[in-house]
Protein chains: 2
Amino acid sequence: MQVTPELLSRFTLLKPLPRQVLEGLAPHASLVRHARREVVVRAGVREDRVCFLFEGRLQGVGHTIDGREVGLYFIEPGDFCGELALFDDNPQPEFVIATAAATVVFLARNPLREVMLNSSSVSNIVGRKLAERVRQMTEQRTLLGLSNIDQRVCGQLYLLIKGGQRQGESGEIVNPPTHQEIAIMLNISRERVTRAFQALQSRRIVRRDGPGRLVIIDLNSLRRFARGEEEL
Amino acid sequence: MQVTPELLSRFTLLKPLPRQVLEGLAPHASLVRHARREVVVRAGVREDRVCFLFEGRLQGVGHTIDGREVGLYFIEPGDFCGELALFDDNPQPEFVIATAAATVVFLARNPLREVMLNSSSVSNIVGRKLAERVRQMTEQRTLLGLSNIDQRVCGQLYLLIKGGQRQGESGEIVNPPTHQEIAIMLNISRERVTRAFQALQSRRIVRRDGPGRLVIIDLNSLRRFARGEEEL
DNA sequence: AATTGCTTGTGACTCTGGTCACGTCAATTT
DNA sequence: AAATTGACGTGACCAGAGTCACAAGCAATT
């Protein structure tokens, strides 16, 4: 499906680009819908495109040698993935899967790379994004260091709350990941995630609101549990 | 201590730079020796320099909220760290500590950034390195997905063997990390690492050779254990 | 309305890995 | 040489996480 320059400018990475550049990129972009559970980016393949998420949620997943799934990161709308292809020709290290029905824009790698090289402001933006990715991975890895598993779950939920809401007393997570998806992020079993959620729900700290919405009733308590100041 | 352009050119990142550029950078570089256990780069601080490792070994470590140490990556001679400062002004997310007496070259951030922006070939190199870092972190994270802990240890040892030796039937690790340092990389206890090593040593798969050298006697077996094809 | 498929919920059992409390050993300092 | 320090080694105990098995809930489809 065709993509307009306007659509491209909805992404934070591309927004600062001049209109003219966006018009040059648009013909190399295509809009694709992915059903839940579909593979969006393949591991081990030299991808020739970068994937921008318009709506839905994606998850980067790796695989251990014995076939177990490992959750690496979540991608929220407006963000992108597969950006390693912009820097070298090595294959993608991980799969990216749609954890909710997703609309993505694939943008051919080479034109974007050109834009990146010719405009230092663009390569700055891409570089900053990659740096941010490293910080995000570091933060996620640090979560795994917590010995108390309930802490990990609370910490993960906290990371899933959109930045703007983190100040308030309550928040929400739209299209929350399944317990299984959280489990592989935190290196724990699905059942253990369920039990952690049970504890949080019985204490009125979180509440499910239909299939696609998780309400964080008491954000302060969630923070305290994540910090280990209080135990579940 | 003063640094010569020749010294700078010993680092893979800087090697491709023209002599003239290296001469411009040298005045902004300084050579520092760090004793074992010393902090080389601080977390939470806006570092204004990038750290190149000349000899020794460094380890990036994070801290959980409850103070537990988390091992993130090892830095080998010729490699560098603190490169996020080149991309944005946000603080360093992790500490970097010398796990063996180390000689490092600090290179001021801004001059290097200038070089990077003016030469697309240099920004390519830096970008490739950052992409490589992401791959490395992904690989390390995937190790943690292994349910069998002995597998993790074997996998970690395998990663510690320098690339060139991985083909052969045997190998070595110079200045191997302590059990504690491995433990925090793999999210397990120091004692558990010791027990894994006991098992490997009693099966004549690895052997300590003095304080600073670990010999991998049977690399094929190590690989099999890492893959879970055989159990310790 | 029934079926299918996926997610969540829950109990029981097992067993691994963390923790604690030591002891040993080698290297370095005093 | 004695003392100190830090790394490594080892046993015993036990909380807690994984696993298995199955039930229940919910959506989408037939």
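A, B, ... follow the sequence lines: proteins, then strands. Residue 1 opens every chain. Every value quoted in this text rests on a predicted model; they were computed, and no experiment measured them.
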Trainee: Please give me the minimum heavy-atom distance between B:Ile75 and B:Cys81, naming the atom from each residue.
Mentor: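 Minimum heavy-atom contact is CD1-CB, 3.9 Å.
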Trainee: A:Thr64: which residues meet the side chain to side chain donor-acceptor pair (under 3.5 Å) condition with it, sequence neighbours left out?
Mentor: A:Asp66
Trainee: As a quick check of understanding, evaluate side chain to side chain donor-acceptor pair (under 3.5 Å) for B:Ser147 and A:Arg68, giving each step before the final call.
Mentor: CA-CA 9 Å; B:Ser147 46; A:Arg68 185 181 290 252; 3.3 Å; yes
Trainee: Please check the phosphate of D:dG9 (OP1 and OP2 only) for any side-chain N or O of B:His179 closer than 4.0 Å.
Mentor: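 So the side chain of B:His179 is within the cut-off, an N or O lying under 4.0 Å from OP1 or OP2 of D:dG9.
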Trainee: Rounded to whole angstroms, how far apart are CG on A:Asn175 and P on C:dT7?
Mentor: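 Rounded to the whole Å, the gap is 14 Å.
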Trainee: Whether the side chain of B:Arg195 and the base of D:dG11 hold a donor-acceptor pair under 3.5 Å is what I'd like checked.
Mentor: yes
Trainee: Please report the distance, rounded to the nearest Å, between CZ in A:Phe197 and P in C:dT8.
Mentor: 8 Å
Trainee: What nucleotide, of C:dT10, C:dG17, D:dA7, holds the atom closest to the side chain of A:Gln198?
Mentor: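 Side chain of A:Gln198 sits closest to C:dT10.
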Trainee: Whole angstroms only, please: what is the CG-P distance between A:Asn148 and D:dA17?
Mentor: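 It is 7 Å, rounded to the nearest whole Å.
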Trainee: What is the nucleic acid contact for B:Arg152, judged by heavy atoms within less than 4.0 Å: base, sugar-phosphate only, or nothing?
Mentor: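 Contact class for B:Arg152: none.
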Trainee: Between atom CZ in B:Arg36 and atom P in D:dT5, what is the gap in whole Å?
Mentor: 16 Å
Trainee: Distance check needed: C:dT16 P versus B:Leu146 CG, whole Å only.
Mentor: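 Distance check: B:Leu146 CG to C:dT16 P gives 17 Å.
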Trainee: Nearest nucleotide by nearest heavy atom, which residue falls closer to the 5' end of DNA chain D, A:Glu191 or A:Ser147?
Mentor: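 So the residue in question is A:Ser147.
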Trainee: Base, sugar-phosphate alone, or nothing: which one does A:Gln201 contact when heavy atoms must sit under 4.0 Å apart?
Mentor: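 Answer is sugar-phosphate: A:Gln201 comes under 4.0 Å of backbone atoms only.
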Trainee: Would you mind reading off the distance between A:Arg68 atom CZ and D:dT19 atom C1', rounded to a whole angstrom?
Mentor: 10 Å
Trainee: Once you apply a heavy-atom cut-off of 4.0 Å, does A:Thr178 come out as touching a base, just sugar-phosphate, or nothing?
Mentor: sugar-phosphate
Trainee: Rounded to whole angstrom units, what separation is found between the CZ atom of A:Arg192 and the P atom of C:dC13?
Mentor: 19 Å
Trainee: If I take atom CD in residue B:Gln180 and atom P in nucleotide D:dT5, what distance separates them, rounded to the nearest angstrom?
Mentor: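 Those two atoms, CD and P, are 19 Å apart.
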Trainee: Can A:Arg223 be said to sit on top of A:Tyr158's aromatic six-ring, NZ or CZ under 6.0 Å from centre and within 45° of the ring axis?
Mentor: no
Trainee: Under 4.0 Å from OP1 or OP2 of C:dT8: is there any side-chain N or O of A:Arg208 that close?
Mentor: yes
Trainee: Any side-chain N or O of A:Arg37 below 4.0 angstrom from OP1/OP2 of C:dG5?
Mentor: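 No, A:Arg37 has no side-chain N/O under 4.0 Å of OP1/OP2 on C:dG5.
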Trainee: Applying a 4.0 Å non-hydrogen cut-off, can you work out what A:Asn187 is touching in the nucleic acid: base, sugar-phosphate, or nothing?
Mentor: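 The answer is sugar-phosphate, as A:Asn187 gets under 4.0 Å only of primed atoms, P, OP1 or OP2.
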Trainee: Could you tell me whether the side chain of B:Arg49 and the main chain of B:Phe106 form a donor-acceptor pair under 3.5 Å?
Mentor: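 No, because the side chain of B:Arg49 does not come within donor-acceptor range (under 3.5 Å) of the backbone of B:Phe106.
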Trainee: Indicate, yes or no, whether a donor-acceptor pair under 3.5 Å links the base of C:dG18 to the side chain of B:Arg190.
Mentor: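 Looking at the base of C:dG18, it does not pair with any donor or acceptor on the side chain of B:Arg190 (distance under 3.5 Å).
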